[in-house]
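Every chain is numbered from 1, with letters handed out A, B, ... down the list of sequences.
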Amino acid sequence: MVALYDTASGVRRELLLRRPGELAMYVCGPTVYDAAHLGHGRHMLVWDVARRFFASRGLAVTYVSNITDIDDKIIERAALLGIPPSELARMEEERWWKISDELGVLRPTHAPRATEYVPDMVDFLRRLAEAGAAYEAADGLYFDTSSVPGYGLLARQSLDSLRAGARVATNVAKRAPFDFALWKAAKPGEPSWDSPWGPGRPGWHTECVVMSLDLLGEGFDLHGGGMDLAFPHHENERAQAAAAQVGFAGHWAHHAFVTAGGEKMSKSAHNFSTLASLTEAHDPRSYRLLVLRSHYRQPLEVTPETVSQAEEALSRLDAFARRFAPEGPLGIAVAPEEALLQAFVAAMEDDLDTPAALAALFEALRSANTLADGGDAQRAHALARAVLECFAVLGLEPAAGSDASPEVKELLRLRDMARRDRDFAAADHLRERISALGWVVEDTPLGSRLHR
RNA sequence: GGCGGCGUGGCCGAGUGGCUUAGGCAAGGGCCUGCAAAGCCCUGUACCCGGGUUCGAUUCCCGGCGCCGCCUCCA
């Protein structure tokens, strides 16, 4: 049983599956108009780890994450750059996938684009209009939030109490501040599609409803995203589904933000660092480890120092993997230590408690080293295998042992001979030459070893 | 103004009414090693402030102070 905090009910509760053995999850993807920053990275990694974990438990996971490729921001930015919005979107989408791959994030099962769903969205909006949940105004079609009982659920506030907090002068065309655009009439020069309400484009909140229902079906299991999407975006999705009388997400999960100097990292606050700048300077796995060391519902402070700290921890994992490499000289075929696997699963099933899971793994890592130091190879390997299996579930694989060049290997051979002859001056000199070529030599009871 | 969250050792970050007081990184000492690397062991006055409840609170309650999020596009 997986306990997961549910934003709609405000408590941690069991993640119930529509169909046993299958998990249908939807996670709101990016609006592609600019480079992805560390906050987006946390987002990708949190849900990547969630789906990897669920899959490791034997669930058939269908993971859908959309690409918003038509939106005000895209139109604005494209105009600034003097290129068509569609070109900008395609370019930025490519960048998104590139960085996602670099972070080792598995591609979604489906990654639908909003522009590919416009006719379906128009159909859906027609249904909303027929249900009396939409009204036309001068600049488009709007959703009538008062038509949905319990509007405000995901904000955990009533419509009245939300109204009390309205801070911004709202669009005068709307009847009420929280009503939102379903269809935006096109202004001259803007991309547009035909509709019963004239040429225009869909409002942002509609694509996710239509695409999730199309690809996952009614009453899918889990809907995820950043906490900033809970209200109004997700609430608006929920409201539309309710108005159309279709079953929507059974469970809502939201993750907290990346902070910089205690403040939410965001494009509008101009306090963001791009993921690309991080992966250029650090092992991309270090960010995954850093993200997983905190709980997904807690804010996470990211600084160059914390990234470096994670990178150091990672080198320990890599050294560990070298020591217990299945194909290495110490390689012993044993079953993974069951107790650790169970502890790992228990932590993950407890609202995806990756900090607890990692604590257990690092503790086990130390135990395995201690056991191996003490000569208990069997138990050490059983534990090590479990450790590495669990890290793999989290998407943290040891660094691939890239092959040293023939030159380096020859130098190592010469050094081994020098050491055997106890000519340590020569051995040390050779080690320096190897080091200058970017390799570290480790002497072990079973012979010398190279790594980057 | 409404709703919600946070304040933990040099840094990051879990957690708990008392028990061996997570884990990572860093620091100091030691073991191992020809020397390293890797590994292991040991060490450090941690829980924002003030009340209250309690035999006992970092943990529960009340009140402060400070910080942050959502209510507007936003992972």
[X] and [Y]: side chain donor to acceptor below 3.5 Å:
{"X": "Asp160(A)", "Y": "Ser158(A)", "value": "no"}
{"X": "Thr206(A)", "Y": "Gln240(A)", "value": "yes"}
{"X": "Tyr117(A)", "Y": "Asn66(A)", "value": "no"}

Would you call the rings of [X] and [Y] parallel, tilted or perpendicular, where under 30° means parallel and over 60° means perpendicular?
{"X": "His205(A)", "Y": "Phe180(A)", "answer": "perpendicular"}
{"X": "Trp252(A)", "Y": "His223(A)", "answer": "parallel"}
{"X": "Phe178(A)", "Y": "Tyr151(A)", "answer": "tilted"}

Which residues share a side chain to side chain donor-acceptor pair (under 3.5 Å) with [X], sequence neighbours left out:
{"X": "Asp353(A)", "answer": "none"}
{"X": "Glu92(A)", "answer": "Arg95(A)"}
{"X": "Thr7(A)", "answer": "His254(A)"}

Pick base, sugar-phosphate or nothing for [X], based on heavy-atom distances below 4.0 Å to the nucleic acid.
{"X": "Phe257(A)", "value": "base"}
{"X": "Gly39(A)", "value": "base"}
{"X": "Val27(A)", "value": "nothing"}
{"X": "Lys267(A)", "value": "nothing"}
{"X": "Ala319(A)", "value": "sugar-phosphate"}
{"X": "His233(A)", "value": "nothing"}

Does a side-chain N or O of Arg366(A) approach OP1 or OP2 of G23(B) to a distance below 4.0 Å, or not? yes
Please tell me if Trp204(A) has a side-chain N or O lying less than 4.0 Å from either OP1 or OP2 of C74(B).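 Yes, because at least one side-chain N or O of Trp204(A) sits under 4.0 Å from OP1 or OP2 of C74(B).
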Quick test: give all pairs of protein nitrogen or oxygen and nucleotides 3-6 of chain B nitrogen or oxygen below 3.5 Å, distance rounded to 0.1 Å.
residue	atom	partner	partner atom	Å
C3(B)	O4'	Gln157(A)	OE1	3.4

Write down the partner of [N] under the Watson-Crick or G-U wobble criteria, each distance required to be under 3.5 Å.
{"N": "C35(B)", "result": "none"}
{"N": "C40(B)", "result": "G30(B)"}
{"N": "C6(B)", "result": "G66(B)"}
{"N": "U58(B)", "result": "none"}
{"N": "U16(B)", "result": "none"}
{"N": "U21(B)", "result": "none"}

For [Y], is the NZ or CZ atom of [X] found under 6.0 angstrom from the centre of its six-membered ring and inside 45 degrees of the ring axis?
{"X": "Lys174(A)", "Y": "Tyr142(A)", "value": "no"}
{"X": "Lys267(A)", "Y": "Tyr33(A)", "value": "yes"}
{"X": "Arg297(A)", "Y": "Tyr5(A)", "value": "yes"}

Passing option when Asp48(A) is tested against His43(A), Arg288(A), Arg107(A) for side chain to side chain contact (heavy atoms under 4.5 Å, CB included):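 Looking at His43(A), Arg288(A), Arg107(A), the match for Asp48(A) under the side chain to side chain contact (heavy atoms under 4.5 Å, CB included) is Arg288(A).
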Could you give the [atom1]-to-[atom2] distance, from [X] to [N], as a whole number of Å?
{"X": "His223(A)", "N": "A75(B)", "atom1": "NE2", "atom2": "P", "answer": "13 Å"}
{"X": "Arg288(A)", "N": "A75(B)", "atom1": "CZ", "atom2": "P", "answer": "20 Å"}
{"X": "Leu300(A)", "N": "G23(B)", "atom1": "CG", "atom2": "C1'", "answer": "15 Å"}
{"X": "Asn271(A)", "N": "C74(B)", "atom1": "CG", "atom2": "C1'", "answer": "12 Å"}
{"X": "Glu363(A)", "N": "C40(B)", "atom1": "CD", "atom2": "C1'", "answer": "15 Å"}
{"X": "Asp353(A)", "N": "A14(B)", "atom1": "CG", "atom2": "C1'", "answer": "8 Å"}
{"X": "His254(A)", "N": "C74(B)", "atom1": "NE2", "atom2": "C1'", "answer": "13 Å"}
{"X": "Leu317(A)", "N": "G23(B)", "atom1": "CG", "atom2": "C1'", "answer": "14 Å"}

Distance-only donor-acceptor test, Lys264(A) side-chain atoms vs C68(B) base atoms, 3.5 Å: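 Side chain to base: no pair present.
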Check nucleotides 29-36 of chain B against the protein and report each pair of N or O atoms closer than 3.5 Å, with its distance, or say if there are none.
residue	atom	partner	partner atom	Å
G34(B)	O6	Arg419(A)	NE	3.1
G34(B)	N1	Asp428(A)	OD1	3.0
G34(B)	N2	Asp428(A)	OD1	3.3
G34(B)	N2	Asp428(A)	OD2	2.5
C35(B)	O2	Arg431(A)	NH2	2.4
C35(B)	N3	Arg431(A)	NH1	3.1
C35(B)	N4	Asp443(A)	OD2	3.1
A36(B)	N6	Asp443(A)	O	3.2
A36(B)	N1	Asp443(A)	N	2.9
A36(B)	N1	Asp443(A)	OD2	3.2
A36(B)	N3	Arg431(A)	NH1	3.1

When you compare the protein's N or O atoms with those of nucleotides 25-28 of chain B, which come within less than 3.5 Å of each other, and at what distance?
residue	atom	partner	partner atom	Å
C25(B)	OP2	Arg316(A)	NH1	3.4

